Structures are given as C-alpha cells and as structure tokens.
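Notes for the one structure printed next.
Source: prediction; values computed, not measured.
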Amino acid sequence: MSTKTRPDWDRYFLDLCEAVSKRATCDRGRNGCVIVKDKRIMTTGYVGAPAGLPHCDEAGHDLRKVIDFNDNISQHCVRTLHAEQNAIIQAARFGIPLEGATLFCKMTPCRTCAMMIINAGIKRVVCEKHYHADKDTLEMFKQACVELLVMSDEVMKYDKQ
C-alpha cells in the first residue's frame, strides 16, 4: 500500500506550469502557463519573443520604465509576450475555444493579460503568488466574475523589477 499522496488538480496543473516555463527565453521571468478545460490541457504558453524575432537570451533585454497610477516606477522587458498571452494566442491560432476554461500561471496576471483572459471567456485563474502590480487585475476579475485562486500571499520578486 502506497503512502504517497496524489496532488489535487490545481497543484498538478500548477506543477506543469513550471515544466512549461523551462522553454521561456527571458531570464527575468521564466514563466509558464497552462489552460485547462474539463481537466484536459487545451494549450500552453511561456514567456518569449514573437516567433522569428530575437529572444532576450540571444539579444538581451529591452527594458522600459513604466509608471503606474500611484507614480511607482518599475522596469519591464518589452521584447517578450507573457506566458498567458502566448497560451491564448496559441488557442486562437489553432481554433481551440477557451470559454469556461481555467488558466494556471506563476503569478496573478498583469492588467493586459487580465483583459485578454476576460475576453477569451476564461472563468477561473489559479496562480502561485501575487504580481507586484495586481490591483487592477483583482478588481477586473471581480467585476467580470472570473474566479481567482492565489496559493500564497507572497509577492513574486524578480531581477531589475
């Protein structure tokens, strides 16, 4: 008789995000995303430049300063698409409907990804940690009735934030 405990579905798909993230091509945010419907993987995505364009790992980062609504300054690499964006784009490219799906990712999605998630019809988001600027995302998800489960109260930290 085995004493090993099987992970629940949320943990299983979050763990798969870590495997997907190993394909990422920006070392600032090696994130992965898995979109699931009825416990089946619909699509995956990872952080990377658009197909055919140079990756951060090859050309370096294209960092830009961003000022938020509270005048906080942070730096973002604009060379890459986010894992969530790439997963949604892959679904669109191959005709995979995401209505009612669950999206798994490392941290709460940014504002732009949140808007894409809402418009794609994704109804649930599960992530490990909070993004440092997730106030808008939390409010939009609440208004759009997108269920959000964040496994930890910890805020994701990364280099040159």
Side-chain angles (χ1 to χ4, degrees), residues 11-37 40-99 101-122 124-138 140-141 144 146 148 150-152 154-161:
R11 174 51 45 205
Y12 172 72
F13 291 120
L14 280 172
D15 288 349
L16 288 177
C17 287
E18 184 62 31
V20 172
S21 74
K22 293 179 179 169
R23 291 281 308 154
T25 61
C26 179
D27 64 5
R28 288 188 74 240
R30 291 205 188 276
N31 295 324
C33 174
V34 177
I35 301 178
V36 174
K37 191 170 183 181
R40 301 288 179 249
I41 297 170
M42 299 285 98
T43 184
T44 65
Y46 52 84
V47 174
L53 299 182
H55 296 291
C56 295
D57 291 350
E58 303 161 351
H61 299 292
D62 186 0
L63 293 175
R64 307 283 173 92
K65 288 185 179 178
V66 175
I67 302 173
D68 71 15
F69 57 92
N70 289 324
D71 291 329
N72 296 315
I73 299 173
S74 58
Q75 289 197 80
H76 295 266
C77 182
V78 297
R79 185 178 304 284
T80 60
L81 291 159
H82 293 179
E84 301 91 335
Q85 293 167 342
N86 271 325
I88 292 169
I89 290 165
Q90 288 304 309
R93 186 172 182 181
F94 296 106
I96 301 167
L98 300 179
E99 186 72 37
T102 298
L103 182 143
F104 294 86
C105 54
K106 188 182 275 188
M107 62 185 136
T108 47
C110 73
R111 187 178 202 285
T112 300
C113 288
M115 290 187 288
M116 292 176 67
I117 288 164
I118 292 166
N119 275 3
I122 294 166
R124 185 168 181 257
V125 174
V126 180
C127 47
E128 292 283 357
K129 301 176 183 178
H130 283 275
Y131 175 55
H132 71 274
D134 67 2
K135 182 179 178 183
D136 286 349
T137 294
L138 300 178
M140 284 190 290
F141 281 175
V146 173
L148 175 64
V150 184
M151 297 298 204
S152 165
E154 190 176 341
V155 176
M156 184 73 190
K157 302 280 186 203
Y158 46 92
D159 290 341
K160 300 177 186 171
Q161 188 168 323

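Between D62 and R79 there is no salt bridge, since no side-chain nitrogen of the basic residue lies less than 4.0 Å from a carboxylate oxygen of the acidic one. Taking 4.0 Å as the cut-off between side-chain N and carboxylate O, E128 and K106 do not count as a salt-bridged pair.
Taking 4.5 Å as the limit, some side-chain heavy atom of M151 sits within range of a side-chain heavy atom of V126. Between L16 and L14, the closest side-chain pair of non-hydrogen atoms is not below 4.5 Å. Here the side chains of F104 and T102 are in contact, with some heavy-atom distance below 4.5 Å.
Rounding to the nearest 0.5 Å gives a distance of 11.0 Å between CE of M156 and SG of C105. Distance check: I122 CD1 to E84 CD gives 9.5 Å after rounding to the nearest 0.5 Å. Rounding to the nearest 0.5 Å gives a distance of 11.0 Å between CD1 of I88 and CG of L81. Distance check: Y46 OH to N86 CG gives 7.5 Å after rounding to the nearest 0.5 Å.
The minimum heavy-atom distance linking D136 with R111 is given by the pair OD2-NE, 2.9 Å. Across H132 and V155, no two heavy atoms sit closer than the pair CA-CG1, 3.7 Å. Across all their heavy atoms, N31 and M107 have their closest contact at ND2-CE, 3.3 Å. In plain terms, the two heavy atoms of R124 and V146 that are nearest each other are N-CG1, 4.1 Å. Minimum heavy-atom separation, V20 to G32: CG1-CA, 4.0 Å.
Counting only distance, with no hydrogens or angles, the side chain of Q85 and the backbone of H82 share a donor-acceptor pair below 3.5 Å. At least one donor-acceptor pair closer than 3.5 Å links the side chain of K37 to the backbone N or O of E99. The backbone N or O of Q90 sits nowhere less than 3.5 Å from a side-chain atom of T43 that would complete a donor-acceptor pair.
Other residues, nucleotides and ligands place no more than 12 heavy atoms under 6.0 Å from the CZ atom of R23.
Under the side-chain contact (heavy atoms from CB on, under 4.5 Å) rule, I35 has a single partner from I41, T44, L98, which is L98.
Considering only residues two or more places apart in sequence or on other chains, F141 meets the ring pair (Phe, Tyr, Trp, His ring centres under 6.0 Å) condition with none of them.
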Using a 3.5 Å cut-off and no angle test, enumerate the donor-acceptor pairs between side-chain atoms of residues 48-58 and protein atoms at least two apart in sequence or in another chain.
unit_1	atom_1	unit_2	atom_2	d
H55	ND1	T25	OG1	2.8
D57	OD1	R30	NH2	3.3
D57	OD2	R30	NH1	3.4
D57	OD2	R30	NH2	3.2
E58	OE1	H55	N	3.2

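The list of salt bridge (charged side-chain N to carboxylate O under 4.0 Å, His left out) pairs with a residue in residues 86-96, not counting sequence neighbours, is empty.
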